[in-house]
S.K.: 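Before I ask anything, here is the structure I am working with.
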Amino acid sequence: MASQEILREEPSRGSFINDPKVRGIFFQAVVVIVLVALVWWFVQNTIDNLTRLRIASGFGFLKSRAGFDISDSAIAYSSDSTYGRAIVVGFINTLIVAGAGIITATLIGFILGVGRLSHNWLIRKICMVYVEVFRNIPPLLVIFFWYSGVLSVLPPPRESINLPFSSFLNQRGFYFPRAVWGEGSWLILVALLLGIAMAWFVARKARQRQMATGQQFPVFWTSAALIIGLPLLAYALSGFPLSFDYPKQSTFNLTGGFQVKPEFLSLYLALSFYTAAFIAEIVRAGIMGVSKGQTEAAGALGLRPGSILRLVVIPQAMRIVIPPLTSQYLNLTKNSSLAIAIGYPDLTATTGTVLNQTGQAIECVLIMMVVYLALSLLTSVVMNVVNARMALVER
Amino acid sequence: MQEHDLSFVRVEMALAQSAPSSERGLGAWIRKNLIASTGDTILTIIGIVLVAMILPQLIGWAFINAQWIGTDRTFCATVAQGGIQPDGWSGACWAFVNAKFGQFMFGRYPIDERWRPILVAILFVALLVPLLIPKVPRKGLNAILFFGALPIFAFFLLVGGVFGLPHVETSLWGGLLVTLTLSFVGIAVSLPLGIVLALGRRSKMPIVKMLCVIFIETVRGIPLITVLFMASVMLPLFLPAGVSFDKFLRALIGVSLFAAAYMSEVVRGGLQAIPKGQYEGADSLGLGYWQKMGLIVLPQALKLVIPGIVNTFIGMFKDTSLVSIISMFDLLGVVKQNFSDPNWATPQTARSGLVFAAFVFWLFCFGMSRYSMFTERRLDTGHKR
C-alpha cells in the first residue's frame, strides 16, 4: 500500500535535461538565435555595401526609363518604356512560351506514352528510344541544339524553304500567313462561345437523360456541329470578314505574314520535346497502374474497346497521372527561364538586364522569386482542383 | 468374374511436338508484333517510313559523311563556304571535336598540369568501381576513402599551391572536369542536407519545421537560374566589403542547396511510407531520436526511395549545365564557347559539338539510371506491393 502511494505521488522522472519538451524549446531557441544573428549580419553587410555602392533600395527604379530594346514583345514596348513594363513584357513572354510548351509537351507525351504500351513492336521501340534519349540530355543542350545546330544554319531569307500553306522557314524564323479579322468578326467569336456553351448544356442534359431513362444521345456529333457550325454560320452571315496576310519574298527579307523568331521557336521546341519524354513515362505508369482486371471486367460487362478506354481505363489512369503531371508542368515553366541562354526575352532575361543596368540586385531577384513562386502556386492550385475532381471517392 | 484390363495407362511421355508453324518463327513474330490488325499494319508502315526517313540520314551524317580528321574549318566546309567538301555535303565534323577534345575535358586547365585531373579521375574510377560492385568486400573502408580522403586529396591536387604544385585558379577549370566536380560535390552535400531537411520538416518542433518548409518550398518554386543568380549577384552583397567568394564555390553552394530541397522531398516520401509501428517499436526499445532514425527508420526509408534519389542525382547532373549561363565553362559551356572559334566556324561545327556533349551527358545519366534499377532489384526484400 505504502509503496504504491509513493509511486503515485512521485512518478520516476529523469533529469530535467532529458525532458523532450525542454530539449525541444532549447534547440529551437538556439536555432532562432543563430538565424536572427545571421540575418542581422547579412542585413548590416547589405546596408553597408549598398551605401558604399550608392544604390538606393526600394522599387522606385521600376518607374524610370528602361532604355533597352526587347526583340519579342506581345504588348507595346519601346526603349522609352519603364523598367516595370520591361519586366511585364518578360513575364508575358514566359507565360506564352510556357503555355505553348505545356500544350505541345502534353500532346507529344501522351502519344509517346500510349505508344510505349502499343502491341506494335516497332512503335514501342521508336517511343522507347525517344524517351531514353531525351530524358538523359540536359534541356539547355536541347535548346542550344535547336538554336545553334538547326535554326541558325538554315538558309538566309532569300533562299527560304517553302512549306505548305505559303509558310516559309529561314534563318530569321518561321513565317506563316496571318489572319486579318475584318469588320464583324466579333460575331464569330460570340458564335463560338455560344456553341461551346450549348454543347456543354447538351452534354449535361444528355447525361441526365441517360441516367434517368438509359437512352443515349449522340453528344459528340451534336457538340461538333454546334462548335464548328455556329461560327461558320456567323462567318457567312457577317459577310466573310476573314482574309490572310501572306508573307512575300522581297529583295532581302520576307515581308508580311506572322514571324516566329528562332529564339522562341528553339525554346518552345526544346521544352516541348524534353518535357514530353517525362510526360510519356508518367502516362505509361498511369496506364500500367490500372489493373488488368478492370479492363477484363469492363469487357465482361459488354463494353466496346473504345468505351473501355474512355469510361474505365482513362479515368483511373488520370488519378495516377495528374499529380506527377503537375510537377512536370511546373518544371517546364521553371525551365523556360533557360531562355536567357539564347536571348529570348522572358522574365529572367529581362529582369536580368534590368538588374545589370540598375544594380538593384535584391529587388530584381525578389521580383523573379515572387513571380515564379506565384506561377508555381497558381499551377498547383489549378491542377489540385482538377485532381480533386478526378480523385477516387472512397467510402 | 473375369478381370479385363481395359484401361489404358500411358507409360512413357508423349513426344513434345513443336508449336504449329503459324505460331513460331519469324513469320509468326511479324504477324503478332507488326501486322496483327489493319490498324497495326498502318502503324507499322508509319513507323517504317519514320525510321527510313531518319535513320539513314542520321547514320550518313554521323558516320559515312562525317569528317574525322582535319586541322581547321576547311575540312568541314563545302567549296562554297571556302572548304574542301563538295557542295551540298552534310556530315558531322568530328575533326572539330577531336581537335578540341582536351578543352572539352579540362577547359583552360594548363596543359602541363593536366596530369592532375587525370590522376584524380583515375583514382575516382578506381575507388568508385569497387564501391558499385556489391561483391567486392570492405565497403566501409572504400566509402571512407571515396567520400572522405578522395575529396581532400583531389582538392589539394586540383587547386594546387601546396607541395610545390603550381596554383591553378578555378576560373581556368572547365569542361567535363567542372561538370563532374560540381555534380560530385552536389551529390555528396545534397543527400545528407536533404535528409536533415526532411527530418526537420517532419519534426515536432514548430519553428524548425516552419523554417524547413519555407526553405524547401521556396527553393522548389523558383528556377535554378534564379538560385544561381542569387548566388552570383546577391551573395557578395550579403558579405562584408572585401570578402569575396570564389565564383566556382558560389555555383557549388547554389547547386547543392537547390538539389538538397528536391532531395528532402524525395526522402520525406520515404519517411512517410514507413509504418507507424516502426517508429513506435523503436521508441519502445528506448532508442533516442537519432538512434531511432539512424538505425530503424532511415535505412528502410532510403531503400524505398532509391529511384527518386537517383532521379534527383540525374536531374542535378543535367542541371550543372546551367552554370554556363553565369559564364562558367562546364562541358556545355566550353562546347558553346568553341563554336565561335573562327578557325572552326562552319554550319556543321555547332551540331557536331553539341551532339558530342549530348552523348557524354547521355552516357552518364543513362548509366546512373541503369545502376539504380540494378540496386533496386538487389535491395528488394519483397516488401513491395
Side-chain angles (χ1 to χ4, degrees), chain A residues 20 24-25 27-28 31-32 35 41-46 48-50 52-53 118-126 132-133 135-142 144-145 147-150 152-153 330 333-338 340-341 348 352 355 361-362 364-365 368-369 372-377, chain B residues 29 32-34 36-37 40 43-44 46-48 50-51 204-208 211 217-218 220-226 229-230 233-234 236-241 289 314 317-322 324-325 332 335-336 339 347-348 350-355 357-358 361-366 369:
Chain A
I25 292 170
F27 281 129
Q28 297 194 64
V31 167
V32 168
L35 199 75
W41 188 62
F42 280 159
V43 169
Q44 279 303 312
N45 284 331
T46 312
D48 287 351
N49 283 326
L50 287 180
R52 199 166 42 81
L53 296 168
S118 163
H119 293 297
N120 191 313
W121 179 85
L122 190 65
I123 299 289
R124 217 161 53 219
K125 289 294 157 188
I126 292 175
E132 288 297 345
V133 165
R135 243 171 19 137
N136 290 320
I137 293 178
L140 186 61
L141 204 152
V142 185
F144 280 143
F145 184 79
Y147 189 63
S148 322
V150 178
S152 68
V153 293
L330 292 178
T333 312
K334 282 182 276 170
N335 277 339
S336 72
S337 62
L338 298 178
I340 193 172
T348 313
L355 190 157
I362 297 173
C364 286
V365 172
M368 276 193 243
M369 279 175 61
Y372 278 110
L373 276 177
L375 272 182
S376 297
L377 278 179
Chain B
W29 186 86
K32 216 170 174 178
N33 288 302
L34 295 179
S37 63
D40 226 16
L43 278 181
T44 306
I46 295 175
I48 290 174
L50 259 179
V51 172
K204 290 199 181 75
M205 296 184 254
I207 294 177
V208 172
L211 288 174
E217 292 305 327
T218 313
R220 267 161 39 94
I222 56 180
L224 178 57
I225 300 258
T226 316
F229 258 135
M230 215 151 58
V233 184
M234 272 167 82
L237 278 182
F238 285 161
L239 298 171
Y289 178 80
I314 294 176
F317 187 77
K318 289 188 289 183
D319 279 346
T320 53
S321 62
L322 265 60
S324 64
I325 294 174
L332 186 56
V335 171
K336 196 176 155 250
F339 295 166
Q348 300 296 339
R351 255 180 241 184
S352 312
L354 285 172
V355 167
F361 274 108
W362 184 84
L363 219 56
F364 278 95
C365 296
F366 190 70
S369 74

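Small disclaimer: the values here were computed from a predicted structure and weren't measured. Just so we're on the same page: letters track the sequence lines, and every chain starts at 1.
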S.K.: Measure distances from Ile137(A) to the heavy atoms of chain B and classify the residue's part below 4.5 Å as side chain, backbone, both or neither.
M.R.: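 Contact with chain B involves both backbone and side-chain atoms of Ile137(A).
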S.K.: Can you tell me which portion of Val32(A) sits under 4.5 Å from chain B's heavy atoms? Options are side chain, backbone, both or neither.
M.R.: side chain
S.K.: Which answer fits Val335(B), side chain, backbone, both or neither, if we ask what part of it has an atom under 4.5 Å from a heavy atom of chain A?
M.R.: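 Contact with chain A: none, neither part.
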S.K.: Please state whether the side chain, the backbone, both or neither of Leu322(B) comes within less than 4.5 Å of a heavy atom of chain A.
M.R.: both
S.K.: At a heavy-atom distance under 4.5 Å, which candidate from Leu141(A), Val365(A), Val150(A) has the highest pair count against chain B?
M.R.: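 Winner by heavy-atom pair count: Leu141(A).
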S.K.: Highest number of heavy-atom pairs under 4.5 Å with chain B: which of Leu338(A), Leu330(A), Asp48(A)?
M.R.: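 Looking at each option in turn, the highest pair count goes to Leu338(A).
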S.K.: Can you see which heavy atom on Ser321(B) is nearest to which on Leu140(A), and at what distance?
M.R.: O-CD2, 3.4 Å
S.K.: Roughly how far, to the nearest 0.5 Å, is CD1 of Ile225(B) from NZ of Lys334(A)?
M.R.: 12.5 Å
S.K.: Would you mind checking which part of Ile48(B) comes under 4.5 Å of any heavy atom in chain A, side chain (CB onward), backbone (N, CA, C, O), both or neither?
M.R.: both
S.K.: Quick check on Ser37(B) against chain A: is it the side chain, the backbone, both or neither that has a heavy atom closer than 4.5 Å?
M.R.: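 It is neither, since no heavy atom gets under 4.5 Å.
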S.K.: Under a 4.5 Å heavy-atom cutoff, which of Phe144(A), Trp41(A), Phe145(A), Phe27(A) has the most pairs with chain B?
M.R.: Phe144(A)
S.K.: If you count heavy-atom pairs within less than 4.5 Å of chain A, which of Lys336(B), Met230(B), Gln348(B), Arg220(B) leads?
M.R.: Lys336(B)
S.K.: Tell me, for Ile362(A) versus chain B, whether the close heavy atoms (under 4.5 Å) come from the side chain, the backbone, both or neither.
M.R.: both
S.K.: Heavy-atom distance under 4.5 Å to chain B: side chain of Tyr147(A), backbone, both or neither?
M.R.: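 Interface part for Tyr147(A): neither.
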S.K.: Between CG of Asn33(B) and CG of Leu122(A), what distance do you get to the nearest 0.5 Å?
M.R.: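 Asn33(B) CG to Leu122(A) CG: 10.5 Å, rounded to 0.5 Å.
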S.K.: Is a donor on one side and an acceptor on the other found under 3.5 Å between the side chain of Lys318(B) and the backbone of Arg135(A)?
M.R.: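 Side chain of Lys318(B) to backbone of Arg135(A), a donor-acceptor pair under 3.5 Å: yes, one is there.
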S.K.: Is there a donor-acceptor pair closer than 3.5 Å between any side-chain N or O of Thr44(B) and the backbone N or O of Leu34(B)?
M.R.: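 Yes; judged by distance alone, with no hydrogens or angles, the pair exists.
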S.K.: Looking at side-chain heavy atoms only, is the closest gap between Tyr372(A) and Ser337(A) below 4.5 Å?
M.R.: yes
S.K.: Any side-chain to backbone donor/acceptor pair from Trp362(B) onto Glu132(A)? Under 3.5 Å, distance only.
M.R.: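 Between the backbone of Glu132(A) and the side chain of Trp362(B) there is a qualifying donor-acceptor contact (under 3.5 Å).
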S.K.: About how many Å separate NE2 of His119(A) and NZ of Lys32(B), when rounded to the nearest 0.5 Å?
M.R.: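 The distance works out to 11.5 Å.
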S.K.: Atom OG of Ser118(A) and atom CG of Asp40(B): how far apart are they, to the nearest 0.5 Å?
M.R.: 6.0 Å
S.K.: Heavy-atom distances under 4.5 Å only: say whether Ile25(A) touches chain B with side chain, backbone, both or neither.
M.R.: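 No part of Ile25(A) comes within 4.5 Å of chain B.
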S.K.: Check the angle between the aromatic planes of Phe42(A) and Phe238(B) and answer parallel, tilted or perpendicular using the 30° and 60° thresholds.
M.R.: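 Parallel.
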S.K.: Quick check for you: among Ile123(A), Val31(A), Leu355(A), which has the greatest number of heavy-atom pairs under 4.5 Å with chain B?
M.R.: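 When all of Ile123(A), Val31(A), Leu355(A) are compared, Ile123(A) has the most.
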S.K.: Please classify the contact of Phe339(B) with chain A as side chain, backbone, both or neither, using a heavy-atom distance under 4.5 Å.
M.R.: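 The side chain, not the backbone.
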